[in-house]
There are 2 protein chains.
Amino acid sequence: MFEKIHHLGYAVEDLEAASRFYQERFGARLEEPETVADQGVKAVMFRVGESRVELLEPTHPDSPVGKFLAKRGEGLHHVAFQVEDIEGRLAQLERGGVELIDESPRVGVGGTRMAFVHPKSAFGVLTELVEPDGGPASKPDG
Amino acid sequence: MFEKIHHLGYAVEDLEAASRFYQERFGARLEEPETVADQGVKAVMFRVGESRVELLEPTHPDSPVGKFLAKRGEGLHHVAFQVEDIEGRLAQLERGGVELIDESPRVGVGGTRMAFVHPKSAFGVLTELVEPDGGPASKPDG
């Protein structure tokens, strides 16, 4: 079902400091910052092989990432796997008794279609399914 | 510096249950379980694109993964990035003031050479650098 790791989401308090760290210490080439109002985050991404790392700073403390930071501190927030036919995958998981946060896809960073599986149902890992823009008829951008 | 995400480490209480979940719900093809005595873990891996997910069950409660589970519960434990010349990379990070858990590489799952960067120095993410077996003179198995 999983084609690749699409991205990892890291929750950070200070997007600028975290961006500088990955740039200076690991030579990351940062992409343009993006705000996803729906999820209450400012994001900066950088590429690692076929995947990306997404640094996420909350735009307000009661957003999901803001709450995560208050409870657990900075660190790994979620793992996003690329899939084809996200609607079909979600339906299949639901039939299998997997608890979903999003029963239908919404719009994520970079205009992708994404949905979260509840971490309770995935051994504590907040798991995102992502279908690159274009939907079922187009090919993933690999 | 990072060539790809080599693997993600997930801390789980029950390796068999977690393996079954990823196999049945996500179609993961599980590799042979492996025990790494040095790190106090039993591991099962499955491939996702150019990366792997590594399910980790502690062999005893006072191992690093055992302590993680006691403190934080199941979930994302670490992210491993593939690098070339791991010794050179570690020396470079140390010069840059980055705190390392391992100042020189040790042997990880699958006979790789690996070292951890302290999460305090990497915005809360336990970050592993991995060089595939063979060392500096051989090419990564990408």
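A, B, ... follow the sequence lines: proteins, then strands. Residue 1 opens every chain.
- Of all non-hydrogen atoms in B/Ile5 and A/Ser51, the two that sit nearest each other are CD1-CB, 3.6 Å.
- Options B/Arg72, B/Gln92, B/His78, B/Arg89 differ in how many heavy-atom pairs under 4.5 Å they form with chain A, and the most are formed by B/Arg72.
- Cluster membership check: B/Ile101 does not share its hydrophobic cluster with B/Val83, using side-chain heavy-atom separations under 4.5 Å among Ile, Leu, Val, Met, Phe, Trp and Tyr.
- Ranked by heavy-atom pairs shorter than 4.5 Å toward chain B, the options A/Gly97, A/Gly73, A/Pro119, A/Ala17 are led by A/Ala17.
- For A/Glu3 (side chain) and B/Gly49 (main-chain N/O), no donor-acceptor pair under 3.5 Å exists by modelled atom type.
- Atom CD of A/Glu34 has more than 12 heavy atoms from other residues, nucleotides or ligands within 6.0 Å.
- Shown here are the salt bridge (Lys or Arg N to Asp or Glu O under 4.0 Å) partners of A/Asp14, two or more places apart in sequence or in another chain: there are none.
- The number of heavy atoms from other shown groups lying within 6.0 Å of CD (B/Glu99) is above 12.
- Residues of residues 20-27 of chain A that come closer than 4.5 Å to chain B, counting heavy atoms only, are A/Phe21, A/Tyr22, A/Arg25, A/Phe26, ordered by residue number.
- Residues of residues 53-62 of chain B lying under 4.5 angstrom from chain A, judged on non-hydrogen atoms, are B/Val53 in numerical order.
- Each of A/Val130 and A/Leu76 belongs to its own hydrophobic cluster when Ile, Leu, Val, Met, Phe, Trp and Tyr are linked at side-chain heavy-atom distances under 4.5 angstrom.
- Within the 4.5 angstrom heavy-atom criterion, no atom of B/Ala28 approaches chain A.
- Note on A/Leu30: it clusters hydrophobically with A/Val48, by side-chain heavy-atom contacts below 4.5 Å among ILVMFWY residues.
- Looking at B/Tyr10, the atoms closer than 4.5 Å to chain A (heavy atoms on both sides) all sit in the side chain, from C-beta outward.
- The candidate from A/Met1, A/His77, A/Glu74 with the greatest count of non-hydrogen atom pairs under 4.5 Å with chain B is A/Glu74.
- B/Phe81 and B/Leu100 fall within the same hydrophobic cluster, defined by Ile, Leu, Val, Met, Phe, Trp and Tyr side-chain heavy atoms under 4.5 Å apart, directly or through other members.
- Contacts of A/Leu126 with chain B are absent, with no heavy-atom separation under 4.5 Å from either backbone or side chain.
- Linking Ile, Leu, Val, Met, Phe, Trp and Tyr whenever their side-chain heavy atoms come within less than 4.5 Å leaves B/Met114 and B/Val44 in two separate clusters.
- Think of A/Phe68 as one node in a network of Ile, Leu, Val, Met, Phe, Trp and Tyr side chains linked at under 4.5 Å; it has no links at all.
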